[in-house]
Every structure is written in structure tokens, then in C-alpha cells.
Protein chains: 2
Amino acid sequence: MQEKSPIFQQIKDYLVGEIASGRWKEGELVPSEQALVRQFGVSRMTVNRAVRELTAEQVLVRRQGSGTYVAPQKYQGTLVEIRNIADEIRARGKQHTSRVLALDEKSADDTLAAEFDLEPGATLFHSLIVHFENETPVQLEDRWVNPVCAPAYLEQDFSRITPNEHLMASAPLQGATYTIEAQPAPEEEARLLAIGAGAPCLVLHRRTTSAGRVASVATMWHPGHLARFTGSV
Amino acid sequence: MQEKSPIFQQIKDYLVGEIASGRWKEGELVPSEQALVRQFGVSRMTVNRAVRELTAEQVLVRRQGSGTYVAPQKYQGTLVEIRNIADEIRARGKQHTSRVLALDEKSADDTLAAEFDLEPGATLFHSLIVHFENETPVQLEDRWVNPVCAPAYLEQDFSRITPNEHLMASAPLQGATYTIEAQPAPEEEARLLAIGAGAPCLVLHRRTTSAGRVASVATMWHPGHLARFTGSV
DNA sequence: TAGTGGTCTAGACCACAGC
DNA sequence: CTGTGGTCTAGACCACTAT
């Protein structure tokens with residue numbers, strides 16, 4: 001069972017629950033402190049603490065004299081965590097779909113071999129997938145995978161799970177290094193993302209390691225006007 | 001001059017000041033709530049709020065039954081450059097210079113006021129600086145500063161030190177949130193960075209906080225073909 | 001004007017640490 | 001045991017918004 005938590009925490013949980021469930025939508029008015037005082041039968045200071053902390057956490061927005069509202073949608077692209085794009089899209093209440101453009105096995109050229117710390121010509125798995133939010137392409141994922149780390153990679157149905165999800169399940173992730181760049185979209189990438197050639201793209205290049213091996217190298221293209229990475233220190 | 005702030009904020013400022021000045025060192029015991037109640041002549045709830053918020057901000061650590069202590073040093077986030085651009089350029093063996101295009105005092109519009117959590121019309125310091133690596137512009141830094149956190153900002157010579165360096169010396173940095181976007185360079189930004197209008201830029205927007213106040217909000221434009229953020233997890 | 005949030009008071013009881 | 005932090009109460013006054 002659940003340990004009994006402080007009242008202010010229970011109220012926070014209740015408020016967050018109403019928002020997470022979708023019953024209270026972005027921008028909507030939230031019950032006033034007085035209303036919550038009556039609803040929970042506690043003092044106003046207790047309700048105040050719950051609401052004030054959620055405001056500090058950017059879950060709610062308060063306007064003196066007016067009321068308390070559900071804060072605007074959280075930004076996307078958590079840089080620190082290794083969340084996958086499908087979760088992120090679902091977390092925003094949108095529908096995630098993906099189209100698998102390629103899923104095959106190739107030989108590593110010199111550049112790739114160097115990134116994987118393997119011999120040139122070594123076999124690598126490769127996938128090319130476009131991710132959609134509702135009907136809009138939001139990411140082109142060009143991924144290379146070390147067969148040792150995910151032997152069943154080619155047998156996955158990547159319209160149902162993301163490569164990231166499969167890799168997380170196959171090999172314990174040890175760490176990742178990434179670079180972020182702004183680049184003009186080349187012809188092919190632009191076409192797949194349904195943007196103009198040369199349009200600014202946010203390019204995330206990520207290399208993950210598992211058990212001392214390079215497990216995966218991915219280049220992810222995002223239309224500049226749709227993507228944004230956020231983080232905090 | 002400065003508006004009178006709430007008592008709990010004054011207590012926070014006092015506590016942070018003692019730490020920032022070095023009078024209270026890392027790990028040291030801080031006066032108890034009762035002591036602060038006597039010192040400031042306020043109720044315990046008010047003191048409690050000040051200390052609780054500083055605990056949430058990782059400035060203090062509390063141990064029930066024992067006391068309140070100055071928190072251990074913040075771990076240095078290896079995420080996205082908390083380092084300043086001048087150091088980075090020098091580290092690459094190139095010469096850093098900068099040109100100060102503006103250094104003045106302005107009123108906050110609604111957007112800025114919201115970011116600073118101040119009232120619209122509040123006075124903010126503003127600077128606009130181009131950073132060069134050898135003779136090439138590599139960053140356009142558009143920065144707004146809370147006068148409370150860096151009163152002497154306008155008197156600095158930013159061709160010699162960077163705004164970042166001055167801010168770090170003026171107010172203990174508690175944290176930062178940032179967003180990274182790819183955007184086409186607007187006319188003015190393109191001109192200052194000596195690139196074509198509409199060329200992809202890597203835009204870093206960073207908001208730093210100190211003692212629960214927003215100390216600084218900066219937007220940094222980098223030519224997409226010159227800039228790259230790196231990190232690891 | 002009535003309702004909202006922003007702050008503050010002067011108590012209280014509890015769990016826990018250290019002596 | 002005393003002193004600490006953790007929580008909570010039942011009021012209060014104020015500034016602000018909406019009507």
C-alpha cells in the first residue's frame with residue numbers, strides 16, 4: 001500500500017492527476033483556493049502551498065485577482081533524458097505514427113567504422129524512419145546499429161515500437177554522446193520531412209554505448225520551426 | 001530604487017548573501033528557524049518558507065532533528081556550455097574579440113517581464129555583443145539582465161570580460177534552463193553575423209536564476225555552419 | 001463590489017537527532 | 001530530555017480583477 005503522504009502532497013497529486021488525465025485542459029481555470037479548502041476540508045495555507053509549488057513547477061499559472069489556470073504545454077525535446085520521440089509526442093496528447101523507409105544490413109564505410117570502433121566492412125544494421133505527429137513529419141531518423149548489441153533488430157516492427165525502445169530493451173544503455181547542429185536540409189531530407197530544400201534543420205547526432213561497445217549511431221533531422229531541445233542545469 | 005520585497009524574499013536574500021560572500025561555507029550549519037524568527041522578528045511560517053524554498057533550489061540541505069546546512073557545491077553540468085564563449089575560443093587556440101553594439105537600460109515589455117517574473121515596464125539592463133573568433137563573427141549575444149542581480153552591469157567593459165564572467169562574479173548561479181532551436185537568420189542578425197539572410201542559425205536561449213530570481217535572459221545566435229553543441233549523458 | 005491570489009501571524013502537534 | 005525540522009490550523013490584511 002501507499003504510505004500516507006502530507007496533505008499538501010495529496011492535493012498536488014490530485015491536481016496533477018486531473019491535468020494528466022486530460023480532464024483539465026491547457027489554459028483552463030482550476031478551482032480556486034477557497035474551493036479546494038472546502039473540497040479537502042483543510043486550511044487555506046495547506047492548499048496554498050500545494051498550488052504555489054505547482055506554479056513554481058510550471059504546471060499551473062496564477063493571476064492575482066483572476067484565478068489559477070493550467071499552464072501552457074510543456075516544451076519538447078528533453079536533452080538530458082533519453083526519452084524517445086513516441087513518448088514525447090504522446091505526452092503532448094498528439095498521435096505518433098511512423099513510416100519505415102528502410103530496414104536492412106550494410107557494410108560499414110570508413111566513417112561509420114570509425115564511429116563504431118569496428119573494422120571497415122563490418123556488418124551493421126540500418127534503419128531509416130520518418131516520425132509523424134498527427135500528419136506532420138517531425139523527425140527523420142537515420143540509424144545504424146551494432147548487430148552484437150541488438151541481434152534481432154531487423155525483425156522488429158518499427159511502425160509499432162521505436163528503434164530506441166527496442167535498443168533499450170536489448171542492451172543496457174551505458175551512456176550517450178551527442179552533437180546538435182543547425183544545417184540546411186539537403187534535397188532528400190527536405191523531401192522526406194516535407195519542407196523546402198535548404199530550410200534550417202535541427203540535427204541531433206547521437207552515439208550510444210552499451211557494455212563498452214558502441215551500440216548505435218543515429219542522426220535525427222528535425223524541421224527547425226517544429227523542433228526545440230530544452231534542458232536545465 | 002528597488003521595490004520592497006516580501007519578507008520571505010528578504011530572508012532568502014540574506015541567507016544567499018551570507019553564502020555568496022563566503023561567510024558561510026559549504027557544509028556549515030545555518031541558523032535554525034527559531035534563531036531566524038528571533039533575528040527577523042517574524043513568524044516561523046515566514047522563515048520556514050524562505051528556508052524551504054532555498055532547500056528546493058538546492059542552496060541549503062535540511063536534516064530533521066539536526067539542522068540546516070549550506071548545500072555542497074553544484075555539480076558542473078557537462079551538458080551544454082555553461083562555459084563562456086571566450087574561454088572556448090581561447091581553448092581552440094584562436095583569438096577572441098568582441099564588439100559591444102549596445103549597452104543600456106530599457107523597460108521590459110510583456111514577454112520579457114514574463115520571463116523575468118517582473119511587472120511589465122520594470123527596468124532591465126540590456127547588452128548586444130558580437131563575438132569574433134579571429135576575424136569571423138561566431139556569436140551574436142542579446143542579453144537582458146535583472147538589475148537587482150548585477151547592479152554594476154552597465155559599467156563593465158565587455159570588450160575585456162564577457163557578460164557571463166561578470167554575472168558569475170556578481171551573483172551565485174543557482175541554475176539555468178535553456179532551449180536550442182534552428183532558425184533562419186533574420187535580416188539584422190544575418191548582417192551582424194556576416195551571413196546570408198535566412199541562413200540556418202543555431203539559437204541558444206538561456207535563462208539563469210540566482211536566489212530564486214531570474215538573473216539573466218540571453219539569446220545567442222550562431223551561424224549554423226560554425227556552431228555545434230556537444231554533450232554526454 | 002465580490003472573489004481571487006499574495007502574504008503573514010501565533011499558535012499547535014509530530015518525528016527525529018543528539019546529548 | 002531539548003532542539004531541530006515537517007506539517008497544519010484558523011484566522012488576518014492587502015492588491016488585484018472582473019462585473
Side-chain angles (χ1 to χ4, degrees), chain A residues 2-15 19 24 27-72, chain B residues 2-15 19 24 27-72 108 110 113-114 116-122 148 211-214:
Chain A
Q2 169 70 5
E3 272 297 305
K4 73 156 193 283
S5 46
I7 301 176
F8 78 88
Q9 185 61 56
Q10 295 175 31
I11 298 177
K12 286 179 73 173
D13 291 342
Y14 164 74
L15 295 171
I19 295 168
W24 296 348
E28 250 179 48
L29 191 61
V30 162
S32 72
E33 293 195 353
Q34 269 307 327
L36 291 169
V37 161
R38 287 191 298 272
Q39 178 174 343
F40 284 89
V42 298
S43 86
R44 191 183 154 207
M45 275 301 281
T46 304
V47 166
N48 178 266
R49 175 168 176 184
V51 179
R52 179 158 36 79
E53 290 189 0
L54 286 179
T55 303
E57 293 165 24
Q58 315 219 28
V59 175
L60 300 174
V61 174
R62 316 197 77 178
R63 286 213 305 275
Q64 190 173 136
S66 171
T68 303
Y69 305 84
V70 179
Chain B
Q2 171 67 7
E3 273 295 304
K4 74 158 190 283
S5 46
I7 300 176
F8 78 88
Q9 182 62 55
Q10 294 175 32
I11 298 176
K12 287 178 71 172
D13 289 343
Y14 164 75
L15 295 170
I19 296 168
W24 295 348
E28 250 179 47
L29 191 61
V30 161
S32 73
E33 292 195 354
Q34 268 308 326
L36 291 169
V37 161
R38 286 191 298 273
Q39 177 175 343
F40 284 89
V42 298
S43 87
R44 191 184 154 208
M45 276 301 281
T46 304
V47 165
N48 178 265
R49 176 167 175 185
V51 178
R52 179 158 37 78
E53 290 189 0
L54 286 178
T55 303
E57 292 164 24
Q58 315 220 31
V59 175
L60 300 174
V61 175
R62 317 196 77 177
R63 285 211 302 276
Q64 190 173 133
S66 172
T68 303
Y69 305 83
V70 179
D110 288 4
F116 273 96
D117 199 17
L118 293 173
E119 332 82 64
V148 175
R213 286 199 180 89
V214 178

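Letters A, B, ... mirror the listed sequences (proteins, then strands); counts begin at 1.
A close approach under 4.0 Å does not occur between any side-chain nitrogen or oxygen of B:Ser32 and OP1 or OP2 of D:dG3.
With values rounded to the nearest 0.5 angstrom, A:Glu53 atom CD is found 5.0 Å from A:Phe8 atom CZ. Interatomic distance, A:Arg49 CZ to B:Arg49 CZ, rounded to the nearest 0.5 Å: 10.5 Å. In this structure, A:Ile11 CD1 and A:Phe40 CZ are separated by 5.0 Å, a value rounded to the nearest 0.5 Å.
Going from atom CG of B:Leu60 over to atom P of D:dT4 covers 16 Å, rounded to whole Å. The nearest whole Å value for the distance from the CZ atom in A:Phe8 to the P atom in D:dT9 is 12 Å. With rounding to whole Å, A:Gln10 atom CD is found 12 Å from D:dT7 atom P. A straight line from NZ of A:Lys12 to C1' of D:dT7 spans 14 Å, rounded to a whole angstrom. At whole-Å resolution of the value, CD in A:Glu33 and C1' in D:dT9 are 15 Å apart. The CD-P distance, from B:Gln34 to D:dT4, rounds to 7 Å in whole Å.
Of the candidates C:dT7, C:dG5, D:dC8, the closest approach to any side-chain atom of B:Pro6 belongs to C:dT7. When each of D:dT4, D:dC8, C:dC8 is scored by its nearest atom to the side-chain atoms of A:Ile7, the top-ranked nucleotide is D:dC8.
Annotation for B:Val37 and B:Val42: closest pair CG1-O, 3.1 Å, computed over non-hydrogen atoms. In this structure, A:Gly67 and A:Leu29 approach most closely via the heavy-atom pair CA-CD1, 4.1 Å. Looking at every heavy atom in both residues, B:Ala113 comes nearest to B:Ala108 through N-CB, 4.0 Å. In terms of heavy atoms, B:Arg52 sits closest to B:Arg62 at N-NH1, 4.4 Å. The minimum heavy-atom distance linking A:Tyr69 with A:Val30 is given by the pair C-CG2, 4.2 Å.
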Walk along nucleotides 14-19 of chain D from 5' to 3' and tag each nucleotide B, S or - by protein heavy-atom contact under 4.0 Å, base first, then sugar-phosphate. -BBB--
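Non-hydrogen atoms lying under 4.0 Å from DNA chain D are contributed by A:Val42, A:Ser43, A:Arg44, A:Met45, A:Thr46, A:Arg49, all within residues 40-54 of chain A.
Across B:Asn48, B:Thr46, B:Thr68, a single residue satisfies side-chain hydrogen bond (donor to acceptor under 3.5 Å, both in side chains) together with B:Glu33, and that is B:Asn48.
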